[in-house]
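Working notes, beginning with the structure itself.
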Protein chains: 2
Amino acid sequence: MEVKLPEFDSVFSIDCVIFGFDAGELKILLIERNEEPFKDWLALPGYIVEQNESIDTAAERILYELTGLRDLHMEQFHTFGEVNRHPQGRVITVAYYALIRINGQKELRPVTQYAKKAFWHPVNELPKLAFDHSEIFKTGFNKIRRRLSYQPIAFELLPEKFTLTQLQMLYEAILNKKLDKRNFRKKMLSYGFLKELDEKQKGVSYRAAKLYKFDKRKYTKIFQNELTTVES
Amino acid sequence: MEVKLPEFDSVFSIDCVIFGFDAGELKILLIERNEEPFKDWLALPGYIVEQNESIDTAAERILYELTGLRDLHMEQFHTFGEVNRHPQGRVITVAYYALIRINGQKELRPVTQYAKKAFWHPVNELPKLAFDHSEIFKTGFNKIRRRLSYQPIAFELLPEKFTLTQLQMLYEAILNKKLDKRNFRKKMLSYGFLKELDEKQKGVSYRAAKLYKFDKRKYTKIFQNELTTVES
DNA sequence: TTACATCGTGTTGAATATACACATTATCTT
DNA sequence: AAGATAATGTGTATATTCAACACGATGTAA
């Protein structure tokens with residue numbers, strides 16, 4: 001080390017926008033804060049990056065500590081660096097998102113004291129969130145919307161077996177518009193990564209729909225072809 | 001301030017991937033470093049964010065200091081946060097890109113001592129760069145490639161008046177493939193944001209081509225309509 | 001005047017996207 | 001068991017977009 005890096009009172013943090021889909025509604029994961037500033041406020045799960053961990057690792061750890069959720073594939077989508085976004089000092093935050101299945105089983109249980117609890121909240125009618133988290137959410141939501149229109153990322157939100165109507169409802173929830181049933185089905189099936197199962201929906205009081213499953217192998221094959229990247 | 005933020009020996013930095021187009025070639029802006037580490041290496045223009053400036057402001061300042069360029073519209077595209085990406089400590093860097101006109105007039109002249117010089121270098125055959133800058137460049141290049149396929153961002157690289165052939169050559173340089181002349185023209189003109197001028201190319205030893213100009217007003221109108229964003 | 005280099009232009013067929021309605025099926029109720 | 005209910009599952013016609021493809025016109029230079 002020939003030159004010392006300057007020492008500022010500044011830190012990095014991670015905030016996570018985790019989308020889930022349940023009961024026909026799109027939701028995100030919020031925590032209730034148990035720490036100042038913004039104690040008792042609702043906020044995105046987020047915390048400070050340790051000095052010896054990469055930001056991707058930090059994102060996983062932080063989400064786990066605040067919500068008990070693990071092993072989800074998150075991706076960074078934007079970095080927020082306004083000077084006064086944190087009242088206690090300079091904090092630049094890297095925002096990540098993920099789409100996951102809300103599974104009745106999975107309990108949301110913070111493993112640190114920083115969060116009182118973690119829970120799913122519908123994306124419509126979100127309350128005001130701590131810090132600039134409302135803006136972070138909005139940016140993230142717009143990202144996945146746009147992404148959904150050219151990449152089939154919706155499957156990550158659905159249970160393993162799902163009906164085409166469920167899939168369509170999810171698209172409609174994210175894109176916030178009605179889609180045509182026949183055209184939607186035609187298009188989805190034409191991709192070739194939906195596998196029709198020999199099984200039907202259970203427990204509905206009307207004609208049960210066929211269940212489908214997402215064929216990841218075919219999906220990645222198709223998806224890869226669409227990306228042209230430089231390697232050199 | 002009730003709780004103090006932790007004090008790590010960690011800093012934010014900004015790195016800029018600035019694209020230009022000249023003599024039919026796509027280029028990026030590099031500097032020759034005048035500081036350890038990586039003294040004398042080629043690198044992307046980049047430096048440390050001050051405590052009292054937002055990252056967007058920092059990006060502008062840093063680019064100016066290292067290259068003399070001002071007032072360009074940069075956008076962040078990714079944040080690099082591996083633990084050991086900087087040999088002197090923990091440095092997380094937010095990468096920005098911009099597309100600009102290389103103007104014969106504009107001198108590239110660093111105003112700080114951190115860079116010995118700044119210059120344009122063709123994106124093909126880039127040498128190994130300092131830090132993880134080769135990777136940052138690659139990520140940025142892939143970003144603009146993908147972006148070019150759904151947003152007409154190429155105009156930012158061309159002189160104010162340009163021919164359709166020049167525009168096509170630029171697309172071909174970025175996308176790295178040949179395009180069909182007639183289809184390309186048809187499509188570009190169909191957008192309606194190209195304004196045909198009453199002027200022709202000068203100084204060529206063959207039939208001169210018509211000059212066009214980019215109509216920013218129409219462009220933004222069309223462009224806005226394509227984005228559906230959430231506001232609430 | 002001739003050679004050269006690039007400009008500028010249209011059509012056709014294929015693929016994709018859009019608009020649109022009703023008979024079928026399983027369940028529930030009486 | 002008959003009828004009501006609620007959602008499933010399916011096809012066609014039209015418009016739009018994309019892809020492939022070649023050559024005469026024009027200006028410059030020798």
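In what follows, every chain begins at residue 1, and chains take the letters A, B, ... in the order their sequences are listed. All heavy atoms count here, side chains included; hydrogens, waters and symmetry mates do not.
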I want to verify a distance call: between C:dC7, D:dT28, D:dT10, whose nearest atom is closest to the B:Ser205 side chain?
D:dT28

In whole Å, I'd like the distance from the CZ atom of A:Arg185 to the C1' atom of C:dC20.
16 Å

Checking all strands, does A:Lys210 fall into the base, sugar-phosphate, or nothing category for heavy-atom contacts under 4.0 angstrom?
sugar-phosphate

Hey, would you say the A:Phe155 and A:Phe193 ring centroids sit under 6.0 Å apart?
yes

What about B:Tyr171 and B:Phe184, are their ring centers closer than 6.0 Å?
yes

Closest approach to the side chain of A:Asn183, judged atom by atom: which nucleotide of C:dT18, C:dC28, C:dA26 is it?
C:dT18

Would you kindly give the CG-to-C1' distance between B:Leu167 and C:dC7, to the nearest whole Å?
15 Å

Rounded to whole Å, please give me the gap between CG in A:Asp180 and C1' in D:dA13.
14 Å

Just how far, in rounded Å, is C1' of C:dT6 from CG of B:Leu211?
14 Å

Any base atoms under 4.0 Å from A:Thr165, or only sugar-phosphate, or nothing? Heavy atoms, all strands.
sugar-phosphate

Could you check, using the six-membered ring where one of them is a Trp, whether A:Tyr219 and A:Phe214 have ring centers closer than 6.0 angstrom?
yes

Map A:Lys186 and A:Tyr206 onto DNA chain D by nearest heavy atom, then report which one ends up closer to the 5' terminus.
A:Tyr206

Expressed in angstrom and rounded to an integer, what is the separation of A:Phe184 atom CZ from D:dG9 atom P?
13 Å

Ion pair check, B:Lys27 and B:Asp22, cut-off under 4.0 Å:
yes

Taking CE from A:Met169 and C1' from D:dA7, how many angstroms apart are they, rounded to a whole number?
12 Å

Please figure out whether A:Gln201 or B:Lys187 has its closest DNA chain D nucleotide nearer the 5' end.
A:Gln201

Base of D:dT8, side chain of A:Arg207 - is there a donor-acceptor contact under 3.5 Å?
yes

Closest to the 5' end of DNA chain C, once B:Gln166 and A:Val204 are matched to their nearest nucleotides, is B:Gln166

Output the rounded distance in Å from CG (B:Leu179) to P (D:dC18).
13 Å

Does A:Arg182 make a side-chain donor-acceptor contact with the base of C:dA19, cut-off 3.5 Å?
no

Separation of C:dA26 atom P from A:Lys202 atom NZ, nearest Å, is 13 Å

Could you verify whether a donor N or O on one side chain and an acceptor N or O on the other, from A:Tyr150 and B:Arg146, lie under 3.5 Å apart?
no

